[in-house]
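Written out below as structure tokens is the structure these notes cover.
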Amino acid sequence: MKEVSLKRGMVVNSIGSLTGLGCQWLITIVVVRLANGFDDAGLYSLAMSVYGIFGPLAQYRMYTYQISDVKAENSTGEYMGIRILTSSGALLLCVVYSVLTCPSSFLPIILLYGLFKTTGLVIDVLHACDQAHRRLEYIGISLALQGVGSLVSFAVMMSVFGSLELALLGMVVATLLVGVLFDLPRTSRFDSLRPRFNSQKIKRFLISCFPIVVAGVAVSASTSLPRQYLSYAMGDAALGVYASVAAPVALIQMGVSYIYNPLLGIFAEYYESNNRAAFTKLMGKTAAAMVVVGLGSAVAVSILGEPLLVLFYGTDIEGYAYLLLPMVMLAIGTGWMWFLNDLLVALRVFKATFVTGAFALVVSLLVIIPFVALWGLNGVTFACLLSCIVASVVSLLYLVRHLRAHWV
């Protein structure tokens, strides 16, 4: 019965998650349609990129840690306390970075986007508790509601007031309402959600997880900084075009994450119980599912890519379909890289995640300038893809070595 419930939950979770992501993608279309040109789209993408640098500090890789906490090291309330501290600190750093590196007129947009993401991250603590209790359908429904609420509020505020700032504020309010009205009543059945600030546990968690957080920052920066460089080298409009084309492809990357993310806790259970056969079998099924998603996406993009871009964004985007196929390759590569990285976190192999994150960032920084000079917009994709490949190879080597030592 539990297995059937898990499968049903995974289906509902996937549908809800893709619905939420689809709504986030539609927002990138709405901002193009309701604004003049691609400038607001570029600003929205810039806010995503800037917050993306510090997002790993807010997350502190806690979701993966929490769902793989088979030894019950912390309660949900203690995880909530940690999330409040880390997300607040990350938002502060994001503001400071924006003041130092961006025009002052961009600050409200970046801050509001950061508040939107912070609200979602607090709700993620509840989702991790849901997943630990095998109630993935709660997560899917919540993410769908957040997506629809954000899209509707963004579109209404943008069309009525023509203000990107007010549109982002509407997204914050919509997400908060979903958390309060839907998630809190359900997740509170499993555990106390009152934030608890145990100084010793917080200190131990922050110190022990710091290497994987640095790794997360490095990996995120390896993909965020190239976009920021594109804005600097070719202008906000170029970044707006790139971001608009990349937005639907991001659904592929997140689709890959929905394949493996619900299984991380199961991987950890098999690992702790030394069930090598089950672990290996699950690893094979996960990899095969990623390959199927990648091949199917490549075929779909090759056939439908350009007509859909024109349909969604208008004729101004015509001629940029050549960006799609490399982006699909990047989406699969990024999904595979994060799978290996998250799996290492679930197995508590923190040193490996730190090393692979460093490799990803160094490769990205080394190649971004010459790649953009050689290939223009595609240079961003190629730089990120090379970074993903190198990081994935290093992660896989660490994983194989660790599993061999564990199963001896």
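Atom set for the values below is all heavy atoms of this structure, side chains included, hydrogens, waters and symmetry mates excluded.
Between V219 and T353 there is no side-chain heavy-atom pair separated by less than 4.5 Å. With a 4.5 Å cut-off on side-chain heavy atoms, I67 and N261 count as touching. Using a 4.5 Å cut-off on side-chain heavy atoms (C-beta onward), I82 and V125 make no contact. Residues V380 and V372 form a side-chain contact, since some pair of their non-hydrogen atoms from C-beta on lies under 4.5 Å apart. V172 places none of its side-chain heavy atoms less than 4.5 Å from the side chain of L168. Taking the side chain as every heavy atom from C-beta outward, L330 and C388 approach each other to under 4.5 Å. Using a 4.5 Å heavy-atom cutoff, the side chains of T286 and I259 are in contact. Proximity of R276 to L403: side-chain heavy atoms (C-beta onward) are nowhere separated by under 4.5 Å.
Between Y113 and A47, the closest heavy-atom pair is CD2-O, 3.7 Å. Between C384 and P226, the closest heavy-atom pair is SG-CG, 3.9 Å. Considering all non-hydrogen atoms of both residues, Q24 and G147 come closest at NE2-CA, 4.4 Å.
Rounding to the nearest 0.5 Å gives a distance of 9.0 Å between CG of D342 and OG of S257. Note that CG of L366 and CD1 of I368 are 11.5 Å apart. Values are rounded to the nearest 0.5 Å. Here the CG-CZ distance, from L126 to F190, works out to 11.0 Å after rounding to the nearest 0.5 Å. Distance OG1/T175 to CG/L145: 10.5 Å, rounded to 0.5 Å. Rounding to the nearest 0.5 angstrom, the gap separating the OG atom in S87 from the CG atom in L92 is 11.5 Å. Between I109 atom CD1 and M48 atom CE the span is 13.5 Å, to the nearest 0.5 Å.
Side chain of T280 to backbone of A277: no donor-acceptor contact under 3.5 angstrom is found. Checked by atom type and distance alone, the side chain of S364 pairs as donor or acceptor with a backbone atom of S222 at under 3.5 Å. Side-chain atoms of H406 come within 3.5 Å of backbone N or O of Y271 as a donor-acceptor pair. Not one N or O on the side chain of S88 forms a donor-acceptor pair closer than 3.5 Å with the backbone of L85. No donor-acceptor distance shorter than 3.5 angstrom exists from the side chain of S387 to the backbone of A383, with no hydrogens or angles considered. With hydrogens and angles ignored, the 3.5 Å screen pairs no side-chain donor or acceptor of D183 with any backbone N or O of I123.
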Handout entry: Derivation of the side-chain contact (heavy atoms from CB on, under 4.5 Å) call for L91 and L111
Key = CA-CA 8 Å; L91 187 60; L111 176 60; 4.2 Å; yes
Exercise for the section: Kindly indicate, with the supporting measurements, whether the criterion side-chain contact (heavy atoms from CB on, under 4.5 Å) is fulfilled by Y322 and L377. Expected result: CA-CA 10 Å; Y322 71 92; L377 299 182; 4.2 Å; yes
Practice task
Output, in order, the C-alpha distance, side-chain angles, deciding distance and verdict of side-chain contact (heavy atoms from CB on, under 4.5 Å) for Y65 and Q59.
Solution key: CA-CA 10 Å; Y65 193 101; Q59 297 168 1; over 6 Å; no
Exercise for the section: Show your working on side-chain contact (heavy atoms from CB on, under 4.5 Å) between V96 and V99 and close with a plain yes or no. Expected result: CA-CA 5 Å; V96 172; V99 169; 5.8 Å; no
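Judged purely by distance below 3.5 Å, without hydrogens or angles, the side chains of S17 and N13 pair a donor atom with an acceptor atom. At a cut-off of 3.5 Å, with distance as the only test, a side-chain donor of N341 or R61 sits close to an acceptor on the other residue. In this structure, a donor-acceptor pair under 3.5 Å is present between the side chains of R348 and S68. There is a side-chain donor-acceptor pair under 3.5 Å between S142 and Q146.
You'll find the ring centres of Y51 and F116 outside the 6.0 Å limit. The aromatic ring centroids of Y260 and F339 lie less than 6.0 Å from each other. In summary, the aromatic rings of Y320 and Y242 are positioned with their centroids too far apart to meet the 6.0 Å limit.
Taking the side-chain contact (heavy atoms from CB on, under 4.5 Å) definition, one finds that N198 meets it with E78, Q200, K201, sequence neighbours left out. The side-chain contact (heavy atoms from CB on, under 4.5 Å) check on L93 picks up F54, L57, with sequence neighbours excluded. In this structure, the ring pair (Phe, Tyr, Trp, His ring centres under 6.0 Å) partners of F279, at least two apart in sequence or on a different chain, are F267, W407.
Enclosure of atom CZ in F354 is not indicated, since only 12 or fewer non-hydrogen atoms of other residues, nucleotides or ligands lie within 6.0 angstrom. For F359, the CZ atom is loosely surrounded, since the number of other residues' heavy atoms within 6.0 Å does not exceed 12. Within 6.0 Å of CZ in R186 there are more than 12 heavy atoms belonging to other residues, nucleotides or ligands. Other residues, nucleotides and ligands place more than 12 heavy atoms under 6.0 Å from the CE atom of M157. For F197, the CZ atom sits in a packed shell: over 12 heavy atoms of surrounding residues, nucleotides or ligands are nearer than 6.0 Å.
Checked against Y63 for a side chain to side chain donor-acceptor pair (under 3.5 Å), the options H127, Q131, R83 give a single hit: Q131.
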